[in-house]
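The analysis underlying the following values was restricted to heavy atoms, covering all of them including side chains, and did not include hydrogens, waters or symmetry mates. All residue numbers in this chain count up from 1 along the given sequence.
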Amino acid sequence: MKNQTLLLLFPTLLAITFASVYGHGVGSETFPPEELDGRLVTLEVSSSQSDPDTNDDQQISISIIDFDSKITLRDVTFLIKSHRGEQFLFEQEFKADNGFIVFNFVSEDRDSILIEEDNDGNLFGSLLGLDSRLIHVKGPKLSEGGLYKFDITILTADGYSKKLAEPLVFNAGISIAQTTQYDIVDENFGDQFIEVISYYDEISNFKYDSSSKEISFSMPFEWSLSNINQTSVVHQEIVIPKNFGDLLVSGFEIYINHVKISEDVVNIDDFFSDERVVHFIIYQSQLLNVFQYNQSQDGMDFIIKPDRDYTHLSSVTENGQFRVLVSWEPENLKSNSNAKIIFDITDIFLKNRPVETNYEFSMTHNGKIIYEQSGISSDSKEEHNIAEFMIPQDVSGIAYLNFKNLDNNNLAKSTIPIIIDRKTNEISIPDWIRNNALWWSEEQIDDDTFIQGIEYLIKNNIIVIPQTQQESSTTQEIPPWIRNNAAWWAAGQIDDTTFVQGLEFLIQNGIIRV
């Protein structure tokens, strides 16, 4: 029995596509050719939405094709076993007169999967000129996207009575974009939302930490060499409103299961008017690095956070020509105090090289101009542009840094929201606790003693940490990376915030009880 495996995580677009931001067009991938009765044949798997204007139903087509003539085989019997993520959907034989079959995944609130056949035609059939079989697969959340897996066995070809002496077996997977939206209340920017678009599997345990500006979530993933070898990429996108200033940072770094991933996986798209899309395209080599760090992992735990330890924001002008990079001193701007705004203007078409151009800059609050200046920007990477002024006593909350008329173009403008008098969750740790952390990291005290000590210090407000959601746990095992954190914190190699994140992890997982 011949077996081919392909995981289609980043479908190639056909010439015919549909207008959509997040890749709901027609995708297609083809297996390497296999020999069948003296000729080469190939299997093609494609995906699309059934009708984007009327419903969210997802369609996946499977066809067996003559590699040379590009004509589908006749009288094909498919034995297909399918899963969506870890959910078993069906295992059944299907006959296709023209070697082409389409599955239409429909969300219905029901206890079991229902398989129904429809011969009235479908999207793929109309595109390819085929009268193909349409099979409705109905069940909970099926049209929401995710990873669909197919174990496909070709039992007959060119005649239903011609059973193959050696059936062809293909193991395919295709990911359809799955979008989840999370509403959060940020103490500085108010009601906000963040969307996560997964091209692999369903997202869970989403959290946003306003103090560290960290986004975290989990996703199922099988950590085995066989699965990693089938996985070309894991693609995720995070959609952030442009009025959420804290997340307009110039760069992000990503961790999977506490392993830092190469910065090359991150791409920030600021060319939408109201939102930015942060892409994470994690290739197989990065997955192998995570696997080598720990081969007994369960799923993927993502942490996405700013790539600098100081605020450094980025925005693209409306005409798409310039990128404005901004930081300021002091780190927390306050009313009735001096402010220094530091900015660079770069040309996107010159690979973000700083350029000399006219600009108009202003800071506004509640529609009132607080400060303004104009000039010609520096084209030096070392010499930044600076605006220094006093923030009035009555200015607090959200203010805006406005850049306009760059290069005398009224469409070359951009606005960046920032905070005056930032509200923060203060982290307070007395210095003498470093000794406890050091002794525990060197195993001079055991885990229970360390946990009990930390619990006592938190309950008595000797350690003050942000409010953290408590979860139940069946284990008291502390991950090795937290012991490393304790040693690094005791030595002053990481800051209080990073050490507290480890304590928050212990609280969230029920290892520390508060």
Side-chain angles (χ1 to χ4, degrees), residues 203-224 253-261 289-305 309 424-514:
I203 297 302
S204 62
N205 300 324
F206 177 91
K207 295 183 179 68
Y208 173 68
D209 186 329
S210 59
S211 60
S212 62
K213 305 184 180 82
E214 283 188 3
I215 296 169
S216 62
F217 53 85
S218 301
M219 185 187 76
F221 188 81
E222 178 191 334
W223 289 101
S224 66
E253 56 188 25
I254 178 173
Y255 294 77
I256 295 178
N257 298 351
H258 301 286
V259 178
K260 186 176 180 179
I261 306 301
N289 287 340
V290 178
F291 178 69
Q292 290 168 1
Y293 180 82
N294 182 357
Q295 299 188 12
S296 59
Q297 303 175 70
D298 183 17
M300 285 187 176
D301 293 324
F302 292 84
I303 295 177
I304 296 97
K305 64 180 183 179
D309 58 6
T424 60
N425 286 317
E426 295 294 333
I427 295 175
S428 175
I429 306 178
D431 287 340
W432 60 266
I433 296 176
R434 293 182 189 275
N435 292 333
N436 285 16
L438 178 62
W439 295 333
W440 176 67
S441 69
E442 294 176 345
E443 300 186 3
Q444 296 183 38
I445 59 176
D446 60 23
D447 289 358
D448 288 342
T449 303
F450 174 73
I451 291 172
Q452 291 168 7
I454 295 296
E455 288 174 350
Y456 173 83
L457 296 171
I458 293 174
K459 289 175 182 177
N460 288 275
N461 293 320
I462 298 171
I463 292 180
V464 179
I465 65 174
Q467 186 174 1
T468 303
Q469 185 176 355
Q470 183 88 50
E471 297 179 1
S472 60
S473 175
T474 58
T475 178
Q476 288 291 305
E477 184 177 351
I478 301 178
W481 63 268
I482 292 183
R483 191 182 297 274
N484 293 336
N485 275 11
W488 295 331
W489 178 69
Q493 296 176 359
I494 61 175
D495 59 20
D496 290 356
T497 299
T498 304
F499 178 65
V500 165
Q501 288 167 3
L503 301 183
E504 290 175 333
F505 174 87
L506 298 178
I507 294 171
Q508 290 166 357
N509 288 273
I511 298 172
I512 288 179
R513 312 296 300 181
V514 294

Review point. By side chain to side chain donor-acceptor pair (under 3.5 Å), which residues pair with Ser224, not counting sequence neighbours?
Key: Glu222, Ser226

**Study point:** Candidates Ile303, Asn294, Asn484 - the one meeting side-chain contact (heavy atoms from CB on, under 4.5 Å) with His258
**Key:** Ile303

Revision key, fill the gap. Distance col, row Phe450:CZ vs Arg483:CZ, nearest 0.5 angstrom, shows 8.5 Å

Study note, to complete from the structure: So CD of Glu253 and CD1 of Ile304: to nearest 0.5 Å the spacing works out to 11.0 Å

Exercise for review: Verify side chain to side chain donor-acceptor pair (under 3.5 Å) between Trp440 and Asp447, making sure each step is shown before the conclusion.
Suggested key: CA-CA 7 Å; Trp440 176 67; Asp447 289 358; 2.9 Å; yes

Check your understanding: How would you list, by chain and number, every residue that makes a ring-ring contact (aromatic ring centres under 6.0 Å, His included) with Phe291, sequence neighbours excluded?
Key -> none

Check your understanding: When rounded to the nearest 0.5 angstrom, what distance separates CD1 in Ile256 from CE in Met219?
Key -> 7.5 Å

Study note, to complete from the structure: Interatomic distance, CG@Asp495 vs CH2@Trp488, rounded to 0.5 Å, equals 13.0 Å

**Study point:** Val500 side chain near Trp489 side chain, heavy-atom distance below 4.5 Å
**Key:** no

**Study point:** For the student: nearest non-hydrogen atoms of Phe499 and Ala486, plus distance
**Key:** CE1-CA, 4.0 Å

Check your understanding: With Trp439, which residues qualify under ring-ring contact (aromatic ring centres under 6.0 Å, His included), at least two apart?
Key -> none

Study note, to complete from the structure: Rounded to the nearest 0.5 angstrom, the OH-CG distance for Tyr293 and Asn257 is 9.5 Å

Point to revise | Worked check of side chain to side chain contact (heavy atoms under 4.5 Å, CB included) between Val290 and Ile261 | key: CA-CA 8 Å; Val290 178; Ile261 306 301; 3.6 Å; yes

Exercise for review: Applying salt bridge (charged side-chain N to carboxylate O under 4.0 Å, His left out), name anything that partners Lys213, two or more places apart in sequence or on another chain.
Suggested key: none

Review point. Roughly how far apart are Leu503 CG and Ile482 CD1, rounded to 0.5 Å?
Key: 7.5 Å

Point to revise | Side-chain touch Ile478/Ile511, heavy atoms, less than 4.5 angstrom | key: yes

Review point. Of all residues at least two apart in sequence or in a different chain, which pass the ring-ring contact (aromatic ring centres under 6.0 Å, His included) check with Phe206?
Key: Tyr182

Point to revise | side chain to side chain donor-acceptor pair (under 3.5 Å) partners of Gln444, counting only residues at least two apart | key: Glu442

Review point. Does any N or O in the side chain of Asn205 come within less than 3.5 Å of the main-chain N or O of Phe217, such that one atom is a donor and the other an acceptor?
Key: no

Check your understanding: With no hydrogens and no angle check, is any side-chain donor or acceptor of Trp223 less than 3.5 Å from a backbone partner on Gly299?
Key -> yes

Practice item. Answer yes if the ring centres of Phe505 and Trp481 are under 6.0 angstrom apart, and no otherwise. Key: yes

Practice item. State whether Lys305 and Asp209 are salt-bridged, where the test is any N-O pair (Lys NZ or Arg NE/NH1/NH2 against Asp/Glu carboxylate O) under 4.0 Å. Key: no

**Study point:** Arg434 side chain vs Ala491 backbone, donor-acceptor pair below 3.5 Å
**Key:** no

